[in-house]
Amino acid sequence: MLIQPVLKSGKTGLLKKWNDSSGNIKTQVVRSPFVQIPLGVTEDRLIGSVDVEESVKTETTVSSQC
């Protein structure tokens with residue numbers, strides 16, 4: 001199955017393609033939200049930074065939302 005963005009003919013979303021049992025190619029536009037983010041954005045800027053104190057206590061990576 002292949003999923004790719006679609007931005008034409010008044011439809012926006014993801015184009016889902018797959019082969020049915022007969023070998024025919026089927027397609028469907030699946031609605032999905034698009035979010036524009038700047039190129040080169042880092043993970044901490046996008047979802048927050050790492051809470052070092054809590055990460056050390058729990059021995060797992062804990063993110064803190066900004």
Worksheet item: Is V52 isolated, or which residues cluster with it under the ILVMFWY side-chain rule of less than 4.5 Å, directly or via members?
Response: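 Listed partners: V56.
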Residues in side chain to side chain contact (heavy atoms under 4.5 Å, CB included) with [X], at least two apart?
| X | answer |
| --- | --- |
| V62 | D51, E54, S55, T58, T60 |
| N19 | I25 |
| T61 | V50 |

Worksheet item: Can you name the residues that form a salt bridge (charged side-chain N to carboxylate O under 4.0 Å, His left out) with E53, not counting sequence neighbours?
Response: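 Scan of E53 (salt bridge (charged side-chain N to carboxylate O under 4.0 Å, His left out), adjacent residues dropped) gives K57.
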